[in-house]
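Only one structure is covered here, and it is reproduced in the block below.
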Amino acid sequence: MPELPEVETIARALREGGRGGVPIPGRRIERAELLWSGCLATPTAEFQHLLPGQTVEAVERRGKFLILRLNTHALLIHLRMSGDVRVEAAGQPLQKHDRAAFHFADGLHLAFNDARKFGRLWFTPLPQTITAHLGPEPFDEALTPGAFHQRLSTRQRQLKPLLLDQSFLAGMGNIYTDEALHRAGLHPLCRSDALQPQHSARLLDSIRAVLSDGIQRNGASIDWVYRGGDFQNNFRAYQRTGQPCPVCATPIQRLVVGQRGTHICPRCQPLEPH
DNA sequence: CCTGAAACCTGTCTGC
DNA sequence: TGCAGACAGGTTTCAG
């Protein structure tokens, strides 16, 4: 489920509580339990020896990474396609597909659940080395329309795969990319260096608009992967094949771009930008 | 540098 | 009911 708005929603719940969640900053991890060792991307020995006893000092998000800052290290969580985290009372039984559990000293645990086993954990003293390859945050004030246009026009890439490239921009996934391109009236196969400055500005505005909407609605819940958000009720293109475009009523089409299901309005999103 | 395909996995849904 | 196939919110790696 997780793109930037979903990860942001989870980070906020872990940090501040709300939506039934409990804040975890200030809590000490007494025991770390690895239920499927394949999810740990850093050495197991450090994880087992240095993690117990550390206290959660802060919860942050960078791109789609969830970052728990501990005393000397950080725990990074990437949910990939089907990952999820739960905070619950220690008495609650672990669930099917739980891959790791962090037991707090005061009777709570944080469970990392991931049916498809794509998600990963990193336990490291230098979290910035893990996130170093990421491009700018979409809401970074330094990312001006001019700077964004510069980034777009110095590459010769199809727009959709470029927006999905985390080293170009951090946090976009399949849903929000389709939604942003629809709002901007740009075709996913349009070349990034074919955009005029006004197109780039429109795209940046659209990206920020769909991400803001998603965050405001606590993310999107689809299929059996559920988070509790309701942005899925506001999709204009994503998974709306055959349904009318909310702008011009033309049926939404599905195509495949870069191996990803892609949804467009053929009328609002012509190949030649205008 | 760019594109497309395959790989990593399990679960759900559709159609025969 | 069973079964094959398509599809799924992501990322990495490799061939051309």
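Note on naming: letters A, B, ... go to the chains in the order of the sequence lines (proteins, then strands), and numbering restarts at 1 for each one.
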Self-check item: Identified stems (criterion: three or more consecutive Watson-Crick or G-U pairs, under 3.5 Å), DNA chain C
Solution: B:2-8 with C:10-16, B:10-16 with C:2-8
Quiz item: How close or far is atom C1' of dG10(C) from atom CD1 of Ile77(A), stated in whole angstroms?
Solution: 16 Å
Self-check item: For Pro43(A), side chain to side chain contact (heavy atoms under 4.5 Å, CB included) partners two or more places apart
Solution: Glu46(A)
Could you go through residues 48-57 of chain A and list every donor-acceptor pair under 3.5 Å that involves a side-chain atom there, pairing it with any protein atom two or more places apart or in another chain?
| residue | atom | partner | partner atom | Å |
| --- | --- | --- | --- | --- |
| His49(A) | ND1 | Ala45(A) | O | 3.0 |
| Gln54(A) | OE1 | Asn71(A) | N | 3.0 |
| Gln54(A) | OE1 | Thr72(A) | N | 3.0 |
| Gln54(A) | NE2 | Leu50(A) | O | 2.9 |
| Gln54(A) | NE2 | Thr72(A) | OG1 | 2.9 |
| Glu57(A) | OE2 | Asn71(A) | ND2 | 2.9 |

Quiz item: Would you say a side-chain N or O of His78(A) is under 4.0 Å from OP1 or OP2 of dT11(C)?
Solution: yes
Quiz item: Which whole number of Å gives the distance between the P atom of dA6(B) and that of dG5(C)?
Solution: 16 Å
Quiz item: What residue pairs, at least two apart or across chains, pass side-chain hydrogen bond (donor to acceptor under 3.5 Å, both in side chains) with a residue in residues 117-141 of chain A?
Solution: Arg61(A)-Glu137(A), Arg62(A)-Glu137(A)
Quiz item: ring-ring contact (aromatic ring centres under 6.0 Å, His included) with His109(A): which residues, sequence neighbours excluded?
Solution: His103(A)
Quiz prompt | Span that lies between the P atom of dA5(B) and that of dC7(C), in whole angstrom | solution = 14 Å
Quiz item: Mind checking what makes salt bridge (Lys or Arg N to Asp or Glu O under 4.0 Å) contact with Arg31(A), not counting sequence neighbours?
Solution: Glu33(A)
Quiz item: Do Lys160(A) and Asn174(A) have a side chain donor and acceptor closer than 3.5 Å?
Solution: yes
Exercise. Please check the phosphate of dT10(B) (OP1 and OP2 only) for any side-chain N or O of Lys96(A) closer than 4.0 Å.
Key: no
Exercise. Find the distance Asp165(A):CG to dC2(B):P and express it as a whole number of Å.
Key: 10 Å
Polar pairs (N or O, both sides) under 3.5 Å between protein and nucleotides 6-9 of chain B?
| residue | atom | partner | partner atom | Å |
| --- | --- | --- | --- | --- |
| dA6(B) | N7 | Gln259(A) | OE1 | 3.0 |
| dA6(B) | N6 | Gln259(A) | NE2 | 3.3 |
| dC9(B) | O2 | Arg116(A) | NE | 2.9 |
| dC9(B) | N3 | Arg116(A) | NH2 | 3.4 |

Quiz item: Base, sugar-phosphate, or nothing: which does Arg254(A) touch, judged by heavy atoms less than 4.0 Å apart?
Solution: sugar-phosphate
Quiz item: Roughly how far, to the nearest 0.5 Å, is CZ of Phe231(A) from CZ of Arg217(A)?
Solution: 7.5 Å
Practice problem: Grab the CZ-P distance between Arg260(A) and dA6(C) for me, whole Å please. | Solution: 18 Å
Practice problem: Could you pull out all residues at least two apart from His73(A) that satisfy ring-ring contact (aromatic ring centres under 6.0 Å, His included)? | Solution: Phe123(A)
Exercise. Applying ring-ring contact (aromatic ring centres under 6.0 Å, His included), name anything that partners His263(A), two or more places apart in sequence or on another chain.
Key: Tyr238(A)
Exercise. Taking only the side-chain heavy atoms of His133(A) (C-beta and beyond), determine which of dT12(C), dG11(B), dG10(C) contains the nearest atom.
Key: dT12(C)
Name each donor-acceptor pair under 3.5 Å that joins a side chain in residues 264-274 of chain A to protein atoms two or more places apart or in another chain, with its distance.
| residue | atom | partner | partner atom | Å |
| --- | --- | --- | --- | --- |
| Gln269(A) | OE1 | Cys265(A) | N | 2.8 |
| Gln269(A) | NE2 | Leu181(A) | O | 3.4 |
| Gln269(A) | NE2 | Leu186(A) | O | 2.9 |

Quiz item: For DNA chain B, what residues of residues 150-158 of chain A have any heavy atom nearer than 4.0 Å?
Solution: Arg155(A), Gln156(A), Arg157(A), Gln158(A)
Practice problem: Would you kindly give the CG-to-P distance between Leu159(A) and dC2(B), to the nearest whole Å? | Solution: 13 Å
Self-check item: Listed once per pair and sorted, the ring pair (Phe, Tyr, Trp, His ring centres under 6.0 Å) pairs that draw on residues 183-211 of chain A, sequence neighbours left out
Solution: none
Quiz prompt | Rounded distance in Å - CG (Asp223(A)) to P (dT14(B)) | solution = 10 Å
Quiz item: At under 4.0 Å between heavy atoms, what does Tyr238(A) touch on the DNA or RNA strands: base, sugar-phosphate, or nothing?
Solution: sugar-phosphate
Practice problem: Could you tell me the separation between the CG atom of Asp84(A) and the C1' atom of dG10(C), rounded to a whole number of Å? | Solution: 15 Å
Quiz prompt | Contact nearer the 5' end of DNA chain B, comparing His97(A) with Val257(A) | solution = Val257(A)
Quiz item: Salt bridge or not for Arg86(A) and Asp98(A), using N-O below 4.0 Å?
Solution: yes
Practice problem: Can you tell me the distance, in whole Å, between the CG atom of Leu162(A) and the C1' atom of dT3(B)? | Solution: 13 Å
Practice problem: Would you mind reading off the distance between Gln232(A) atom CD and dA8(C) atom P, rounded to a whole angstrom? | Solution: 17 Å
